[in-house]
There are 2 protein chains.
Amino acid sequence: MSETIEKEPSAAEAGAAAAKTLGKRERTKASNKEAILDAAREVFAEVGYGAASVRDIIRRTGLASGTFYNYFKSKEEVFEALMDDGALRIRPVIRAARLASRTFEEFIRNAYKAYFNYVLTDEAQFRLMRRNTGALRVRMVTPEVLAGFDEIQSFVEEDVKSGKVPPMDAELFAAAAVGLAQEMSERMMMRDNPNADEAAEFAANFLLAGLKGVIDRGNAQNNA
Amino acid sequence: MSETIEKEPSAAEAGAAAAKTLGKRERTKASNKEAILDAAREVFAEVGYGAASVRDIIRRTGLASGTFYNYFKSKEEVFEALMDDGALRIRPVIRAARLASRTFEEFIRNAYKAYFNYVLTDEAQFRLMRRNTGALRVRMVTPEVLAGFDEIQSFVEEDVKSGKVPPMDAELFAAAAVGLAQEMSERMMMRDNPNADEAAEFAANFLLAGLKGVIDRGNAQNNA
DNA sequence: CTCAAAAATTGACGGTGCGTCACGAAATGA
DNA sequence: TCATTTCGTGACGCACCGTCAATTTTTGAG
């Protein structure tokens with residue numbers, strides 16, 4: 001917890017391009033963690049979660065087996081970290097969409113667009129997912145992403161409170177939004193020429209119309 | 001591969017209530033498999049997939065460890081069998097809904113109703129699922145169930161062909177239907193007083209309105 | 001620059017669970 | 001009754017897991 005300000009070491013030496021002025025400790029720690037995450041991503045993508053071993057992962061980093069456990073408690077934990085790591089990149093975008101959007105519709109369109117594009121962009125995560133499909137599936141919509149989508153629920157709840165929208169089951173609606181994202185993104189990814197914007201538009205149209213339908217039909221049983 | 005017709009054994013003996021006239025071989029094989037499946041369901045539900053061991057499972061049956069492998073190839077296989085076993089109970093209902101329904105709307109309503117009720121009914125499957133939520137999640141919508149929902153895609157495709165509905169991306173639409181089922185059923189199950197019919201109605205209204213919305217908005221880019 | 005304390009790395013080790021296999025028991029049907 | 005076939009058994013070898021004491025590296029103060 002030393003909050004002491006670092007003094008430039010022997011200066012120069014040029015050395016690594018690491019612009020950050022950090023102790024060597026901190027630097028190798030960060031790079032090791034990154035290396036382990038990268039290796040894990042590869043291995044999980046290649047052989048699947050079940051077949052992957054901690055040793056397989058650590059071997060690729062050149063580190064010793066015991067070192068793995070300085071960074072992660074178990075195979076499961078590194079896997080979850082991997083998922084969250086991916087999610088962390090999309091989460092702010094969804095949050096930004098939330099803050100920037102005055103309309104619910106605007107928010108939905110932006111959020112889906114961001115999400116679908118992210119899914120397509122992240123090549124490693126893509127392969128990771130492809131490899132892990134079965135009875136035990138990877139949660140592409142991780143808790144982190146979920147939290148992002150939960151903004152949907154709160155948005156709906158606000159609109160309900162302000163009377164813009166009749167009382168309805170906001171939780172189920174948010175679940176629908178998440179389910180759409182999960183399943184549609186998965187199918188989209190499997191295609192030859194995936195088009196994120198198109199899929200996002202489809203999803204958004206679907207969701208917004210669905211909302212309207214639910215309201216019109218009067219699924220207004222609120223349980224609050 | 002003996003296709004020989006079974007001759008009544010020593011008849012009578014009354015014996016087990018097993019009405020079926022089967023050789024003892026077949027009978028114990030069936031009951032063993034059932035016992036293993038039951039034990040596996042319990043164990044997975046109690047400690048989760050990761051922590052469950054094949055020995056934990058087989059121990060509850062009183063059988064020897066090696067015997068497990070006469071019935072299943074691995075832990076993963078028995079898990080999948082468990083999932084399919086559950087799905088097998090709902091699949092015919094969805095299929096029946098498909099055959100009995102002349103309207104797409106009718107089909108959707110029946111299918112969702114059947115699915116949500118199934119999810120709530122199957123206590124063991126319920127607990128199994130509750131226990132297995134995380135980055136690695138259980139596929140409540142198993143491949144078997146998926147096949148049932150794929151009827152949705154074919155139904156839509158038919159309607160497209162017959163001109164009832166403008167050309168659209170039936171695959172993405174079906175994905176949406178599946179995603180709804182997966183995520184909404186999960187949330188529903190976590191509630192204190194789950195109401196399957198209500199949730200099913202919500203989902204059906206949502207899906208049908210969504211379909212309309214997608215059509216109106218002209219997400220008509222077909223890729224066939 | 002030196003050196004002792006702190007922190008991180010290492011790899012060998014004990015333990016656990018997996019899947020196989022040779023053997024014995026049970027069922028089949030001639 | 002008996003040979004054949006099928007199934008159950010549990011010990012065995014193997015691979016992986018997570019730990020830990022010893023070792024190396026880094027740190028910061030003198």
Side-chain angles (χ1 to χ4, degrees), chain A residues 1-11 13 15-16 18 20-36 39-40 43-44 47-79, chain B residues 1-11 13 15-16 18 20-36 39-40 43-44 46-79 81:
Chain A
M1 301 304 168
S2 65
E3 301 289 331
T4 65
I5 298 168
E6 295 280 336
K7 199 179 61 175
E8 280 283 355
S10 60
E13 216 103 20
K20 306 296 183 61
T21 304
L22 287 168
K24 185 162 185 179
R25 269 265 151 69
E26 305 299 324
R27 258 180 293 132
T28 64
K29 246 168 78 171
S31 89
N32 279 354
K33 186 159 192 171
E34 197 57 43
I36 293 177
V43 173
F44 285 138
V47 304
Y49 179 82
S53 82
V54 170
R55 255 70 173 186
D56 287 342
I57 295 170
I58 204 68
R59 198 174 300 126
R60 302 205 182 192
T61 66
L63 298 168
S65 64
T67 304
F68 175 90
Y69 296 95
N70 290 340
Y71 293 90
F72 300 99
K73 228 175 43 247
S74 63
K75 183 171 79 163
E76 190 165 343
E77 194 183 282
V78 74
F79 185 80
Chain B
M1 306 304 166
S2 66
E3 301 288 331
T4 65
I5 298 167
E6 296 280 341
K7 198 177 63 176
E8 281 282 355
S10 60
E13 217 103 17
K20 305 295 182 63
T21 305
L22 288 168
K24 185 163 184 178
R25 270 268 153 67
E26 306 298 324
R27 258 180 293 133
T28 64
K29 246 167 80 170
S31 87
N32 279 353
K33 185 159 192 170
E34 198 57 43
I36 293 177
V43 173
F44 285 138
E46 281 172 21
V47 303
Y49 179 82
S53 83
V54 169
R55 255 69 173 187
D56 287 341
I57 295 171
I58 203 68
R59 198 173 301 126
R60 301 204 183 192
T61 66
L63 297 168
S65 65
T67 304
F68 175 90
Y69 296 94
N70 290 341
Y71 292 89
F72 299 98
K73 226 172 47 244
S74 63
K75 183 170 80 164
E76 190 166 342
E77 194 182 282
V78 74
F79 185 79

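Every chain is numbered from 1 and lettered A, B, ... according to where its sequence line falls, protein lines coming before strand lines.
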Of the non-hydrogen atoms in A/Tyr49 and A/Glu76, which two are nearest, and what is the gap between them?
-> OH-CA, 3.3 Å
Could you pull out every donor-acceptor pair under 3.5 Å between side chains of residues 57-68 of chain B and any protein atom, sequence neighbours left out?
| from | atom 1 | to | atom 2 | distance (Å) |
| --- | --- | --- | --- | --- |
| B/Arg59 | NH1 | B/Asp56 | OD1 | 3.4 |
| B/Arg60 | NH1 | B/Glu42 | OE1 | 2.9 |
| B/Arg60 | NH1 | B/Glu46 | OE2 | 3.2 |
| B/Arg60 | NH2 | B/Glu46 | OE1 | 2.7 |
| B/Thr61 | OG1 | B/Ile58 | O | 2.6 |
| B/Thr61 | OG1 | B/Leu63 | N | 3.1 |
| B/Thr67 | OG1 | B/Ala64 | O | 3.4 |

Between D/dT25 atom P and A/Arg27 atom CZ, what is the distance in whole Å?
-> 16 Å
Would you call B/Val78 and B/Tyr71 a side-chain contact if the rule is heavy atoms closer than 4.5 Å?
-> no
Could you state the OH-P distance from B/Tyr69 to D/dC12, rounded to the nearest angstrom?
-> 17 Å
So, does B/Lys33 use its side chain to make a donor-acceptor pair with the main chain of B/Phe72 at under 3.5 Å?
-> no
A/Glu26 CD - D/dT27 P separation (whole Å) = 8 Å
Quick one: closest heavy-atom pair of A/Ala52 and A/Val43, and the distance?
-> CB-CG1, 3.6 Å
Atom pair distance, as rounded to whole Å: NZ in B/Lys33 and P in D/dG8 = 12 Å
For nucleotides 4-14 of chain C, read 5' to 3', which letter fits each nucleotide if B means a protein heavy atom sits under 4.0 Å from the base, S means only the sugar-phosphate is that close, and - means neither?
-> --BBSBBBB--
Gap between atoms CD1 and P, on A/Ile58 and D/dC17 respectively (whole Å) | 11 Å
Overall bend of the helix from C/dC1-D/dG30 to C/dA30-D/dT1 (five pairs an end, 10° steps) is 10°
Between D/dC17 atom P and A/Lys73 atom NZ, what is the distance in whole Å?
-> 16 Å
Send over the distance from B/Lys75 NZ to C/dG17 P, rounded to a whole Å.
-> 10 Å
